Peer 1: 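Handing you a structure now.
The chain is numbered in sequence order, starting from 1. Quantities reported herein were computed from a predicted structural model and do not represent experimental measurements.
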Amino acid sequence: MTSDTKPAAYLRVSTQRQGQSGLGLEAQRHAIIMLLGDEPFEEFIEVESGKKSKRPKLEAAISYCRKHKTRLVIAKLDRLARNVHFISGLMESGVDFLAADIPQADRFMLHVYAAMAEEEGRRISERTKAALKAAKRRGVKLGVHGQKLADINRDQAVQFSQSVKPRLQALGLAPGMNLQAVADQLNVSGLKTASGGKWYRSSVSRMFRYWNCQDG
């Protein structure tokens with residue numbers, strides 16, 4: 001295979017610190033490698049919020065795909081954007097793209113998953129704001145260490161469990177199921193824990209524990 005036929009792999013992290021440390025990038029790269037196997041790919045790394053539509057590296061990746069008549073590959077659909085209009089626009093651009101977390105998805109399924117990603121992003125934003133307000137009501141001073149940070153961490157755990165709830169429900173996963181079986185299916189699906197790692201019985205148990213929690 002020549003370099004002209006290599007697919008474009010698009011990886012995105014939200015902060016400069018994540019980009020410098022590689023946090024999150026390795027997991028995305030691993031998912032793409034698992035999907036493509038030994039097939040080489042051209043890598044495009046973006047450090048930008050998922051809320052912003054201006055993506056120089058993504059635009060470069062799309063241009064590369066058009067020029068070389070190849071496809072765009074991503075680790076997870078929400079690495080493109082948590083926005084149905086954005087993803088729909090990409091689908092109409094003429095560039096084929098493949099998400100490692102849902103490689104079997106057709107165009108209809110991609111629209112559905114895009115809508116779920118958008119709703120997930122909205123819930124994350126709302127719950128982050130609610131968690132900060134709740135922490136302030138309890139007298140938590142943001143930026144300090146110790147027990148006060150533990151309160152914020154719990155709020156973040158609640159936010160995360162609620163944000164992934166629609167994704168798990170779409171996979172048919174729910175409390176009461178075998179924890180190891182749930183962990184195995186989540187790892188296969190490509191969904192990561194809040195820290196970007198693998199799922200285990202303990203992390204699944206914690207996540208389910210916060211499903212019915214309310215902030216405040």
Side-chain angles (χ1 to χ4, degrees), residues 1 3 5-50 55 57-58 60-62 64-65 68 70-83 86-87 90-91 95-107 109-121 124 160-161 163-173 180-201 203-204 207:
M1 176 178 290
S3 60
T5 60
K6 291 191 298 185
Y10 178 71
L11 297 82
R12 181 181 65 80
V13 289
S14 300
T15 67
Q16 189 65 43
R17 185 177 69 81
Q18 286 180 325
Q20 293 171 347
S21 68
L23 182 64
L25 290 177
E26 283 303 320
Q28 293 179 56
R29 188 176 293 115
H30 176 72
I32 291 171
I33 291 173
M34 292 297 292
L35 175 68
L36 297 179
D38 295 330
E39 184 179 0
F41 53 84
E42 193 75 19
E43 195 170 276
F44 295 82
I45 299 177
E46 192 99 72
V47 181
E48 186 58 87
S49 168
R55 307 275 187 80
K57 292 296 184 180
L58 179 57
I62 292 173
Y64 170 91
C65 291
H68 300 295
T70 187
R71 64 192 186 282
L72 179 69
V73 183
I74 55 174
K76 294 177 61 182
L77 187 62
D78 65 9
R79 290 298 87 191
L80 282 177
R82 300 182 188 277
N83 182 285
F86 183 94
I87 294 175
L90 178 60
M91 292 174 66
V95 172
D96 289 333
F97 71 94
L98 185 65
D101 57 338
I102 46 172
Q104 76 287 353
D106 57 20
R107 292 176 68 86
M109 290 177 64
L110 286 170
H111 275 288
V112 172
Y113 279 106
M116 291 174 61
E118 181 174 317
E119 177 63 13
E120 179 179 332
I124 288 175
F160 178 75
S161 69
S163 72
V164 300
K165 189 173 182 178
R167 178 77 175 274
L168 268 72
Q169 290 175 329
L171 293 172
L173 305 177
Q180 187 58 56
V182 173
D184 291 342
Q185 189 163 344
L186 289 177
N187 290 329
V188 170
S189 74
L191 179 68
K192 301 298 180 181
T193 64
S195 61
K198 292 180 60 177
W199 290 91
Y200 298 95
R201 290 173 56 90
S203 50
V204 171
M207 185 267 301

Peer 1: Any heavy-atom pair between the side chains of Leu186 and Leu173 that's under 4.5 Å?
Peer 2: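 Leu173 vs Leu186: side chains touch.
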Peer 1: Any non-hydrogen side-chain atom of Pro7 less than 4.5 Å from a side-chain atom of Leu72?
Peer 2: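 They are not in contact (no side-chain heavy atoms under 4.5 Å apart), so the answer is no.
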Peer 1: Which heavy atom of Ala31 sits nearest to which heavy atom of Ala75, and what is that distance?
Peer 2: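 Closest pair (atom of Ala31, atom of Ala75, distance): CB-CB, 3.9 Å.
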Peer 1: Test of understanding: with side-chain hydrogen bond (donor to acceptor under 3.5 Å, both in side chains), list the residues that count as partners of Gln169, not counting sequence neighbours.
Peer 2: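 Gln169: no side-chain hydrogen bond (donor to acceptor under 3.5 Å, both in side chains) contacts found.
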Peer 1: If you measure from CD1 on Ile33 to CG on Asp38, what distance do you get to the nearest 0.5 Å?
Peer 2: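 That separation rounds to 10.0 Å.
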Peer 1: Does His68 reach the side chain of Thr5, with side-chain heavy atoms less than 4.5 Å apart?
Peer 2: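 No, their side chains stay 4.5 Å or more apart.
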Peer 1: Kindly write out the residues that satisfy side-chain contact (heavy atoms from CB on, under 4.5 Å) with Ser163, not counting sequence neighbours, or none if the list is empty.
Peer 2: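 Residues passing side-chain contact (heavy atoms from CB on, under 4.5 Å) with Ser163: Glu120, Ile124, Phe160.
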Peer 1: Do Phe41 and Val73 have side-chain heavy atoms sitting under 4.5 Å apart?
Peer 2: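 A side-chain contact under 4.5 Å is absent here.
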Peer 1: Taking Asn187 for its side chain and Trp199 for its backbone only, find out whether a donor-acceptor pair lies under 3.5 Å.
Peer 2: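 Yes; judged by distance alone, with no hydrogens or angles, the pair exists.
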Peer 1: Does Leu191 reach the side chain of Asp101, with side-chain heavy atoms less than 4.5 Å apart?
Peer 2: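 No; the side chains remain at least 4.5 Å from each other.
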Peer 1: Check side-chain hydrogen bond (donor to acceptor under 3.5 Å, both in side chains) between Ser189 and all other residues, then give those that pass, not counting sequence neighbours.
Peer 2: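 Ser189: no side-chain hydrogen bond (donor to acceptor under 3.5 Å, both in side chains) contacts found.
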Peer 1: Can you name the side-chain hydrogen bond (donor to acceptor under 3.5 Å, both in side chains) partners of Gln185, sequence neighbours left out?
Peer 2: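 For Gln185 there are no side-chain hydrogen bond (donor to acceptor under 3.5 Å, both in side chains) partners, ignoring immediate neighbours.
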Peer 1: Using only atom types and a distance under 3.5 Å, with no angle test, would you say the side chain of Gln28 pairs donor to acceptor with the backbone of Ile74?
Peer 2: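 Answer holds: no.
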Peer 1: With a 4.5 Å cut-off on side-chain heavy atoms, are Val95 and Thr70 touching?
Peer 2: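 The answer is no, as the side chains (C-beta and beyond) never meet within the 4.5 Å cut-off.
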Peer 1: Rounded to the nearest 0.5 Å, what's the gap from SG on Cys65 to CD on Glu42? Could you check?
Peer 2: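 CD of Glu42 is found 10.0 Å from SG of Cys65.
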Peer 1: So, do Arg12 and Leu25 sit near enough that their side-chain heavy atoms are less than 4.5 Å apart?
Peer 2: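 Arg12 does not reach Leu25 side chain to side chain.
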Peer 1: Quick one: does Glu46's side chain have a donor or acceptor within less than 3.5 Å of a partner on Lys57's backbone?
Peer 2: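 At least one qualifying donor-acceptor pair exists.
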Peer 1: Which heavy atom in Lys198 sits nearest to a heavy atom in Ser203, and how many Å separate them?
Peer 2: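 What the structure gives for the nearest pair is O-OG, 4.3 Å.
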Peer 1: When rounded to the nearest 0.5 angstrom, what is the spacing between CD in Gln180 and CZ in Arg201?
Peer 2: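 One finds 6.5 Å between CD of Gln180 and CZ of Arg201.
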Peer 1: Residues two or more places apart in sequence or in another chain: which of them pass salt bridge (Lys or Arg N to Asp or Glu O under 4.0 Å) with Arg71?
Peer 2: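 Salt bridge (Lys or Arg N to Asp or Glu O under 4.0 Å) list for Arg71, sorted by chain: Glu39.
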Peer 1: Going from CG on Leu98 to CG on Leu35, what distance comes out if it is rounded to the nearest 0.5 angstrom?
Peer 2: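 Rounded to the nearest 0.5 Å, the CG-CG separation comes to 5.0 Å.
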Peer 1: Which residue pairs satisfy the salt bridge (Lys or Arg N to Asp or Glu O under 4.0 Å) criterion with at least one member in residues 183-197, sequence neighbours excluded?
Peer 2: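 Pairs touching residues 183-197 that pass the test: none.
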Peer 1: Side chains of Ile45 and Arg29: closer than 4.5 Å at any heavy-atom pair?
Peer 2: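 Sidechains of Arg29 and Ile45: in contact.
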Peer 1: Holding to ring pair (Phe, Tyr, Trp, His ring centres under 6.0 Å), I want the full list of residues that pass it with Phe44, two or more places apart in sequence or in another chain.
Peer 2: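 Only Tyr64 meet the ring pair (Phe, Tyr, Trp, His ring centres under 6.0 Å) criterion with Phe44.
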